[in-house]
Amino acid sequence: MKRLFTLALCICFALSATAALKGTEIISPDGSLKAEITVSPEGLSYSLSQDGVLLLKDCRMALKFTDQALNKPLTQPRIKKESIDETIKTLVYKKAEVKNQCNKATLAFKYFTVELRAYNDGFAYRFVSNVKKPFQVESELAQFRFADDYDSYIPYVDPWRPELEHQLHTSFEQTYTVAPVSKMREDLLAFLPVTVCGPDSRKICITETDLYDYPGMYLRPCKGQGPAVEGFWAQYPTKFHQGGHHNLQWYADERNPYLATYQKDVNLPWRIINVAREDRILTDNDLSFILASGQRSDIDFSFVKPGKVAWDWWNDWNLYNVDFKAGINNQTYKYYIDFASKYGIEYVILDEGWTTIGTADLHDVVPEIDVRELVDYGKERGVGIVLWAGYAAFKKDMEEICRKYSEMGVKGFKVDFMDSDDQTVTNFHYKVAELAARYGLMIDFHGTFKPVGLHRTFPNVVNYEGVHGLEQMKWTRDDDQVTYDVTLPFTRGVAGPMDYTQGAMHNAAEGNYHPSNSEPMSQGTRCHQLGMYVVFESPFSMLCDSPSNYMAEDECTRIIASVPTTWDETLALEGKIAEYATLARRKGDTWWLGSINGWNARSSKLDLSFLPEGNWEVTLFQDGVNADRVGRDYKARTFVLEGRTIEVPCAPGGGFLMKITKK
């Protein structure tokens with residue numbers, strides 16, 4: 001009897017110990033956002049609410065090591081709370097400075113710590129390992145269980161190829177499927193960011209940052225969990241083969257049964273849940289930048305000069321009214337340089353074709369190109385040269401490539417076709433950024449995942465692709481690019497800058513578009529293209545069309561060339577996901593407003609009370625009265641602003657660009 005009594009006491013003690021594990025809560029500085037964290041021996045979970053409205057509930061999070069001795073049931077953590085209130089000065093960003101204000105909680109366990117932060121516009125957490133010897137992360141659990149079955153904007157990796165290894169090799173350029181969370185396809189992965197339409201017009205955008213040496217997170221449905229998704233990660237690859245586009249890609253053939261391997265303790269990426277009470281607020285979110293590792297203090301980044309780039313590939317090197325055969329040759333590129341110099345465009349890029357196709361060798365330059373001659377020619381005219389580089393070609397000889405071309409005077413590289421985000425690839429991005437910085441080179445990553453904060457740590461990373469950009473209009477017949485455009489500021493744009501490669505001068509009104517390789521066009525109006533230069537964050541921004549077309553459209557070309565690419569201040573003026581977006585950005589004393597519109601004509605009524613007292617002159621490029629039939633129709637006018645409101649009509653697929661200067 002005594003033994004039974006003792007056993008009962010032990011059971012009761014164990015149960016009470018389980019119940020006694022204390023969690024915590026953190027509340028945003030303005031008191032609106034609350035995260036409640038629950039701790040049990042089995043793991044951690046959180047619920048998230050805004051203004052008392054439940055958004056996510058019982059979302060489990062966990063980290064599992066391959067060394068089972070490290071996977072102990074959780075005990076009571078040491079909990080520490082503090083506040084952060086600081087100003088971050090930026091070098092290359094959409095604001096000159098960013099406020100980092102949040103309340104923070106740290107839960108310290110034996111082998112890892114969990115850091116949690118509550119901001120006024122979002123919640124974030126990450127794991128920090130405390131393991132002091134080599135270890136592997138076998139798996140991670142990251143659940144996002146929504147309070148109801150909300151509509152979501154889902155970028156599936158590839159709806160036509162559900163094989164897992166194919167899903168893990170992607171350019172991150174798919175369009176969005178709109179569906180309730182519960183209807184998300186189980187056979188496909190979705191890449192980040194994913195935006196969910198929450199209660200009372202709220203928007204919830206899931207992404208990650210500080211992803212430098214860990215696989216990127218995808219989302220898939222949580223089976224049997226209701227309206228919920230969970231993270232999925234590529235395992236660590238061990239064998240590869242080279243192939244794909246002109247032998248420039250690497251494919252994983254075998255993988256180890258873990259996600260990542262380390263020599264000692266490490267900070268894992270931040271999981272971010274951005275929350276906005278209304279759509280427009282989501283277009284001006286800084287959490288991905290704030291939560292990234294700070295700028296490297298051991299490198300001088302004064303060489304970084306963001307700007308515009310005259311781009312060759314989209315327009316197929318297609319010049320006219322010239323007396324030479326246009327193509328991949330020095331005569332053509334000198335013409336591009338002359339064009340750039342005339343309009344104050346800072347760079348010209350040599351895209352694919354300046355090296356021999358198929359060799360994956362950046363030393364194997366075609367006979368028609370003399371890079372040093374072009375660099376010298378550009379230098380005399382104030383135009384820098386940037387070189388395109390495929391992943392396999394750049395990776396095999398990174399240091400020598402950076403040394404050779406930086407000494408030649410090249411300003412940077414556009415590195416393309418990584419098309420993956422396992423640990424080896426995310427680590428490659430970090431190594432490229434660091435190595436290029438030490439050689440004074442800027443980097444534009446193409447064929448890659450969304451921004452994950454690398455551009456804060458290394459400001460020489462001036463842009464990323466990871467977007468179904470204008471290049472798709474060279475061959476795509478059925479995609480609705482205009483609706484995609486007005487979805488981007490609320491989805492992909494939340495993560496950071498994007499190289500959409502806008503600037504088409506051949507613009508198709510609804511129903512008039514058709515794909516063309518040599519004379520491509522955009523969907524939507526001319527002013528839709530102009531508005532993108534403000535709406536899309538893009539420190540290294542392409543002019544995609546032919547110099548011949550731009551010189552035939554001098555007025556539009558001059559305004560495009562004059563739009564800044566980095567900013568001192570950003571304001572979200574209006575927006576509705578998949579319908580329209582209007583942003584205002586300031587550089588010095590000049591304000592620029594950009595707007596892009598979906599297929600429904602509308603009138604943009606703007607409150608300009610943010611302008612200081614005084615007289616202001618407005619230069620406005622707006623859709624012409626016939627832009628609904630002829631996409632290139634526009635009207636430009638300059639006038640003195642009366643009052644502090646303005647109304648601008650937008651055609652179907654339209655937009656506007658506005659410059660406001662003090663008179």
### Pair Glu138 + Lys64, salt bridge at N-O below 4.0 Å
yes
#### Entry: Sub-6.0 Å ring centroid separation between Phe394 and Phe413
yes
### Query
Would you call Asp568 and Lys95 a salt bridge, using N to O less than 4.0 angstrom?
no
### Message
Donor-acceptor pair, distance only, cut-off 3.5 Å: does the side chain of Glu569 make one with the backbone of Arg585?
### Response
no
### Task
Check whether any side-chain N or O of Asn274 sits under 3.5 Å from a backbone N or O of Ile204 as a donor-acceptor pair, and report yes or no.
no
### Task
Under the side chain to side chain contact (heavy atoms under 4.5 Å, CB included) rule, what do Met498 and Tyr464 come out as? Steps first, then yes or no, please.
CA-CA 5 Å; Met498 58 184 169; Tyr464 307 74; 6.0 Å; no
### Message
Salt bridge check, Lys576 against Asp279: does any charged N sit closer than 4.0 Å to a carboxylate O?
### Response
no
### Message
Applying side chain to side chain contact (heavy atoms under 4.5 Å, CB included), can you list everything that pairs with Pro162, at least two apart in sequence or on another chain?
### Response
Asp187, Leu188
#### Entry: Chi angles and distances behind the side-chain hydrogen bond (donor to acceptor under 3.5 Å, both in side chains) call for Asp284, Thr570
CA-CA 7 Å; Asp284 181 26; Thr570 290; 5.1 Å; no
### Task
Kindly determine whether Phe490 and Tyr153 satisfy ring pair (Phe, Tyr, Trp, His ring centres under 6.0 Å), including the steps that lead there.
CA-CA 10 Å; Phe490 313 89; Tyr153 285 77; 8.7 Å; no
### Message
Under the ring-ring contact (aromatic ring centres under 6.0 Å, His included) test against Tyr391, which residue among Phe417, Phe428, Phe445 passes?
### Response
Phe428
### Message
I need the Ile27 CD1 to Ser32 OG distance, nearest 0.5 Å.
### Response
10.0 Å
### Message
Could you work out, with ring pair (Phe, Tyr, Trp, His ring centres under 6.0 Å) as the rule, every residue matching Tyr212, not counting sequence neighbours?
### Response
Tyr430
### Task
Check step by step if side-chain hydrogen bond (donor to acceptor under 3.5 Å, both in side chains) holds for Tyr258 and Asn256.
CA-CA 6 Å; Tyr258 54 77; Asn256 275 335; 2.9 Å; yes
### Side-chain (Gln423) to main-chain (Thr261) donor-acceptor, under 3.5 angstrom
yes
### Message
For a side chain to side chain contact (heavy atoms under 4.5 Å, CB included) check, start with the C-alpha distance between Ser49 and Lys57, then their side-chain angles and the critical distance, and finish with the verdict.
### Response
CA-CA 9 Å; Ser49 59; Lys57 60 181 181 179; over 6 Å; no
### Task
For Asp210 and Trp270, indicate whether the former's side chain and the latter's backbone hold a donor-acceptor pair under 3.5 Å.
no
### Query
Val157 and Leu168: side chain to side chain contact (heavy atoms under 4.5 Å, CB included), yes or no, with the steps?
CA-CA 8 Å; Val157 168; Leu168 296 176; over 6 Å; no
### Query
Distance-only, no hydrogens or angles: does the Arg456 side chain make a donor-acceptor pair with backbone N or O of Ile290 under 3.5 Å?
yes
### Task
Run the salt-bridge test on Lys99 and Glu86 with the 4.0 Å N-O cut-off and return the result as yes or no.
no
### Sub-6.0 Å ring centroid separation between Tyr251 and Phe240
no
### Query
Do the charged groups of Arg202 and Asp51 touch, with an N to O distance under 4.0 Å?
yes
### Check: Glu115 side chain, Phe127 main-chain N or O, donor-acceptor pair, under 3.5 Å
no
### Message
Please check this pair: side chain of Ser152 against backbone of Ile154, looking for a donor-acceptor N/O pair closer than 3.5 Å.
### Response
no
### Message
Once salt bridge (Lys or Arg N to Asp or Glu O under 4.0 Å) is applied, what residue pairs with a partner in residues 416-425 remain, sequence neighbours excluded?
### Response
Arg255-Asp422
### Backbone N/O of Glu465 and side chain of Lys450: donor-acceptor pair under 3.5 Å
no
### Query
Given Val304 and Met442, is the side chain to side chain contact (heavy atoms under 4.5 Å, CB included) satisfied, shown in steps?
CA-CA 7 Å; Val304 178; Met442 297 186 295; 4.1 Å; yes
### Task
Please test His468 against Tyr500 for side-chain hydrogen bond (donor to acceptor under 3.5 Å, both in side chains), starting from the C-alpha separation and ending with a verdict.
CA-CA 7 Å; His468 187 276; Tyr500 179 97; over 6 Å; no
### Query
Which residues pass the side chain to side chain donor-acceptor pair (under 3.5 Å) test with Thr113, sequence neighbours left out?
Asn130
### Task
Dump the intermediate steps for salt bridge (charged side-chain N to carboxylate O under 4.0 Å, His left out) on Lys133 and Asp67, then the final yes or no.
CA-CA 11 Å; Lys133 62 179 182 179; Asp67 184 348; 3.4 Å; yes
### Message
Once you measure the plane-to-plane angle for Tyr150 and Phe146, does it fall in the parallel (<30°), tilted (30-60°) or perpendicular (>60°) bin?
### Response
perpendicular
### Task
Would you please indicate yes or no on a ring centroid separation below 6.0 angstrom for Tyr218 and Phe191?
no
### Task
Decide ring pair (Phe, Tyr, Trp, His ring centres under 6.0 Å) for Phe65 and Tyr111; before the verdict, give the C-alpha distance in whole Å, the side-chain angles of both, and the deciding distance to 0.1 Å.
CA-CA 10 Å; Phe65 303 97; Tyr111 293 116; 7.2 Å; no
## Note on the structure
Residues passing the side chain to side chain donor-acceptor pair (under 3.5 Å) test with Asp85, sequence neighbours excluded, are Gln101
### Task
Flag the pair Arg271 and Glu140 as a salt bridge only when some basic side-chain nitrogen lies within less than 4.0 angstrom of an acidic carboxylate oxygen.
yes
### Query
Is Ser45 reaching over with its side chain to a backbone N or O of Asp58, donor-acceptor style, under 3.5 angstrom?
no
### Validation row: Phe289, Lys94 side chains within 4.5 angstrom (heavy atoms)
no
### Message
Any side-chain to backbone donor/acceptor pair from Thr90 onto Ala96? Under 3.5 Å, distance only.
### Response
yes
### Task
Report the C-alpha distance between Thr24 and Lys81 in whole Å, list the side-chain angles of each, state the deciding distance to 0.1 Å, and finish with yes or no for side-chain hydrogen bond (donor to acceptor under 3.5 Å, both in side chains).
CA-CA 9 Å; Thr24 189; Lys81 289 188 175 183; 3.0 Å; yes
### Query
What pairs of residues pass the side-chain hydrogen bond (donor to acceptor under 3.5 Å, both in side chains) test when at least one of them lies in residues 226-240, not counting sequence neighbours?
Arg220-Glu230
